[in-house]
Amino acid sequence: MNSKFIVIEGLEGAGKSTACRKIITTLYQHGIKNVIYTREPGGTPIAEQLRTLIQQKRISKEKITDSAELLMLYAARIQLVENVIKPALANGSWVIGDRHDLSSHAYQGGGRRIKHNFIHYLKKEILGDFSPDLTLYLDITPEISLQRTRNRGFLDRIELENLSFFTRTRNRYLKLALEDKRIKIIDATQKPQKVTYELNKTITQWLKQSCIF
Ligand code: Z5A
């Protein structure tokens with residue numbers, strides 16, 4: 001059975017971490033037991049250090065520029081892809097990714113307004129043709145996202161952005177999801193049980209369509 005790379009995307013608080021756990025269980029029930037979980041940014045020692053740099057509120061008075069943030073995200077991503085994801089796929093494992101490249105197009109492209117052509121150029125140069133087999137985008141409004149993350153009490157550097165930043169991010173997610181049939185949109189404003197039901201349905205249909213069982 002060919003191994004696959006499945007990615008979960010969405011605003012913070014969309015339920016990505018919860019969804020990753022559920023998907024691993026669904027795959028297990030379908031006999032796919034060799035599955036690893038990755039998160040971005042992060043997932044290797046160097047990528048985790050970059051994650052800390054990206055998320056930390058303040059290291060000194062020095063501001064992280066938008067371009068530096070984007071480059072650090074791609075540096076973390078390629079460390080993870082080359083050292084963890086590709087070797088796992090080559091060994092027959094499936095990979096469930098908590099965020100991947102689409103996040104940069106949504107947050108840095110939509111949220112930070114970095115030019116699409118520049119991000120696309122980086123993606124092509126750094127990742128080449130490597131991309132997920134399936135992406136599940138958990139759609140919530142920025143208002144729900146802020147409500148869920150603020151309930152947690154701790155906000156990192158990106159979570160401190162304002163509502164219009166997250167509105168632009170969500171709009172970019174939706175635009176890109178509607179343009180690419182490998183991205184499925186799940187309404188994640190619904191109750192957790194309903195979101196889990198939709199996830200299972202979408203994954204099961206996709207497994208059938210891809211002739212995986
Ligand atoms: N970032 C970027 O800018 N560019 C990039 O290229 C990449 C990332 C890769 C990573 O944050 C940050 O990096 C992120 C984007 C940026 N920052 N922002 N802002 P992270 O990895 O630390 O966290 P996150 O990805 O934003 O996820 P999260 O906050 O941990 O949320 P989540 O994984 O989507 O949700 P969860 O932990 O499963 O659930 C959150 C809470 O909501 C929890 O209390 C649940 O019980 C609740 N929940 C979940 N689903 C529901 C439903 N359906 N109803 C009610 N409550 C729910």
Side-chain angles (χ1 to χ4, degrees), residues 7-25 37-44 47-57 64-81 85 96-114 116 118-120 122-123 126-127 131-132 135-170 172-173 176 186-200:
V7 170
I8 316 302
E9 287 278 0
L11 294 180
E12 29 292 310
K16 294 180 297 300
S17 314
T18 316
C20 286
R21 288 193 293 273
K22 303 276 182 204
I23 289 168
I24 291 171
T25 308
Y37 165 87
T38 61
R39 68 168 183 179
E40 291 196 31
T44 77
E48 286 294 327
Q49 289 202 27
L50 286 163
R51 179 187 175 91
T52 306
L53 276 175
I54 293 163
Q55 291 193 315
Q56 222 162 316
K57 271 184 225 162
I64 296 180
T65 66
D66 293 350
S67 304
E69 178 184 88
L70 179 69
L71 293 171
M72 285 194 278
L73 284 159
Y74 271 98
R77 182 161 304 134
I78 196 62
Q79 287 299 116
L80 179 71
V81 167
I85 300 180
I96 305 301
D98 191 336
R99 294 190 181 281
H100 184 59
D101 197 58
L102 190 62
S103 284
S104 296
H105 294 268
Y107 283 84
Q108 282 62 49
R112 300 264 188 244
R113 297 193 174 104
I114 295 179
H116 167 78
F118 180 55
I119 302 183
H120 198 69
L122 273 183
K123 174 191 165 139
I126 294 173
L127 298 176
S131 65
T135 298
L136 299 162
Y137 164 58
L138 304 185
D139 184 49
I140 56 169
T141 62
E143 289 82 1
I144 293 180
S145 167
L146 289 177
Q147 198 186 336
R148 288 189 193 164
T149 46
R150 292 204 167 146
N151 281 345
R152 263 191 331 221
F154 167 82
L155 294 178
D156 67 34
R157 193 178 61 84
I158 298 176
E159 287 166 349
L160 285 167
E161 289 295 337
N162 58 27
L163 195 63
S164 45
F165 172 90
F166 293 108
T167 303
R168 288 195 299 278
T169 303
R170 182 203 185 195
R172 186 61 60 92
Y173 262 132
L176 295 170
I186 308 271
D187 176 1
T189 62
Q190 307 174 90
K191 292 212 158 34
Q193 295 90 324
K194 187 78 176 63
V195 176
T196 302
Y197 171 79
E198 297 280 338
L199 279 169
N200 281 342

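Counting convention: from 1, in listed order, for ligands and their atoms alike.
Polar contact with ligand 1: present for Arg51 (N/O pair, distance under 3.5 Å). In terms of polar-atom proximity, defined here as any N/O pair under 3.5 Å, Lys16 does make such a contact with ligand 1. The shortest N or O to N or O distance between Tyr107 and ligand 1 is not under 3.5 Å. Ligand 1 has no nitrogen or oxygen under 3.5 angstrom from a nitrogen or oxygen of Val195. Looking at Thr149 next to ligand 1, no N or O pair under 3.5 Å apart turns up. Not a single N or O atom of Glu40, backbone or side chain, sits closer than 3.5 Å to an N or O atom of ligand 1. Considering backbone and side-chain N/O of Ala14, one or more are found under 3.5 Å from N/O of ligand 1. Considering both main-chain and side-chain atoms, Pro41 never comes within under 3.5 Å of ligand 1 through any nitrogen or oxygen pair. Remark: ligand 1 and Asp98 share no N or O pair separated by less than 3.5 Å (distance only, no angle test). Considering backbone and side-chain atoms alike, Asp156 places every N or O at 3.5 Å or more from each N or O of ligand 1.
At a heavy-atom cutoff of 4.0 Å, ligand 1 is contacted by the side chain of Leu73 but not by its backbone. Residue Ala106 does not touch ligand 1, judged by heavy-atom distances below 4.0 Å. If you look at Glu161 next to ligand 1, there are no close heavy atoms at all, none under 4.0 Å. Contact annotation for Glu69 and ligand 1: no heavy atom of the residue comes within less than 4.0 Å of the ligand.
Every atom of ligand 1 with a heavy atom of Thr18 under 4.0 Å away is listed here by number and element: 36 (P), 38 (O). Under a 4.0 Å criterion applied to the non-hydrogen atoms of Ser104, ligand 1 contributes the atoms 5 (C), 6 (O). Taking every heavy atom of Gln190 and a limit of under 4.0 angstrom, the matching atoms of ligand 1 come to 52 (C), 53 (N), 54 (N). Each of the atoms 10 (C), 11 (O), 12 (C), 20 (P), 22 (O) of ligand 1 lies under 4.0 Å from some heavy atom of Gln55. Counting the atoms of ligand 1 from 1 in the order shown, those under 4.0 Å from a heavy atom of Ala188 are 53 (N). Of all the atoms in ligand 1, the ones that sit under 4.0 Å from a non-hydrogen atom of Ile158 are 3 (O), 16 (C), 17 (N), 18 (N), 19 (N). Within ligand 1, the atoms closer than 4.0 Å to a non-hydrogen atom of Arg152 are 28 (P), 29 (O), 30 (O), numbered from 1 in the order shown.
Surrounding OH of Tyr197 are at most 12 heavy atoms belonging to other residues, nucleotides or ligands under 6.0 Å away.
By the definition of a contact as any protein heavy atom under 4.0 Å away, atom 51 (C) of ligand 1 is in contact. There is a protein heavy atom closer than 4.0 angstrom to atom 37 (O) of ligand 1. Within the 4.0 Å cut-off (strictly below), no protein heavy atom is located near atom 46 (O) of ligand 1. At least one protein heavy atom sits closer than 4.0 Å to atom 9 (C) of ligand 1.
Remark: among candidates Lys22, Glu159, Gln108, the nearest residue to atom 4 (N) of ligand 1 is Gln108, based on non-hydrogen atoms. Nearest to atom 54 (N) of ligand 1 by heavy-atom distance, out of Lys191, Arg148, Gln147, is Arg148. Distances from atom 15 (C) of ligand 1 to the heavy atoms of Glu9, Arg157, Arg99 show the closest one on Arg99.
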**Worked check of side chain to side chain contact (heavy atoms under 4.5 Å, CB included) between Leu199 and Ile23** = CA-CA 7 Å; Leu199 279 169; Ile23 289 168; 4.3 Å; yes
**Request:** Give the intermediate values and the outcome of salt bridge (charged side-chain N to carboxylate O under 4.0 Å, His left out) for residues Arg157 and Glu69.
**Result:** CA-CA 11 Å; Arg157 193 178 61 84; Glu69 178 184 88; 2.6 Å; yes
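The nearest protein atom to atom 5 (C) of ligand 1, hydrogens excluded, is given as Ser103 CB, 3.4 Å; this is a heavy-atom distance. Nearest to atom 26 (O) of ligand 1 among the protein's heavy atoms is Glu12 CB, 2.9 Å. In terms of protein heavy-atom proximity, atom 40 (C) of ligand 1 is closest to Gly13 CA, 3.9 Å. For atom 33 (O) of ligand 1, the nearest protein heavy atom (residue, atom name, distance) is Ser17 OG, 2.6 Å.
Under a 3.5 Å cut-off, the side chain of Gln55 and the backbone N or O of Thr52 do not form any donor-acceptor pair. A donor-acceptor pair is defined here as one N or O able to donate and one able to accept, closer than 3.5 Å; such a pair exists between the side chain of Glu159 and the backbone of Asp156. Side-chain atoms of Glu198 do not come within 3.5 Å of backbone N or O of Ile186 as any donor-acceptor pair.
Under a 4.0 angstrom heavy-atom cut-off, Arg39 registers as lying outside contact with ligand 1.
Residues Glu9 and Lys16 are not paired through a salt bridge, judged by the lack of any N-O separation under 4.0 Å between the basic side chain and the carboxylate. Classification of Lys123 and Asp101 as a salt-bridged pair holds, one side-chain N sitting under 4.0 Å from a carboxylate O. Of the charged side-chain nitrogens involved, none lies within less than 4.0 Å of a carboxylate oxygen, so that Glu161 and Arg168 do not count as a salt-bridged pair. For the pair Arg148 and Glu12, the salt-bridge criterion is not met [side-chain N within less than 4.0 Å of a carboxylate O].
For the atom pair CG of Leu176 and OG1 of Thr135, the computed distance is 10.5 Å after rounding to the nearest 0.5 Å.
The two atoms that bring Ile54 and Leu73 nearest to each other are CD1-CD2, 3.8 Å, heavy atoms only. Shown here for Leu80 and Arg39, the closest heavy-atom pair between the two residues is CD2-O, 3.9 Å. Smallest separation of non-hydrogen atoms from Ile119 and Ser104: CD1-O, 3.8 Å. Of all heavy-atom pairs spanning Ile96 and Cys20, the tightest one is CG2-SG, 3.8 Å. Closest approach of Ala14 to Ala188, counting heavy atoms only: O-CB, 3.6 Å.
Because its NZ or CZ atom is not both nearer than 6.0 Å to the ring centre of Tyr173 and within 45° of the ring axis, Arg170 does not count as a cation-pi partner of that residue.
The only option from Arg99, Arg77, Arg51 that meets the salt bridge (Lys or Arg N to Asp or Glu O under 4.0 Å) definition with Glu40 turns out to be Arg77. When Leu163, Ile140, Thr189 are each tested for a side-chain contact (heavy atoms from CB on, under 4.5 Å) with Ser145, only one passes: Ile140.
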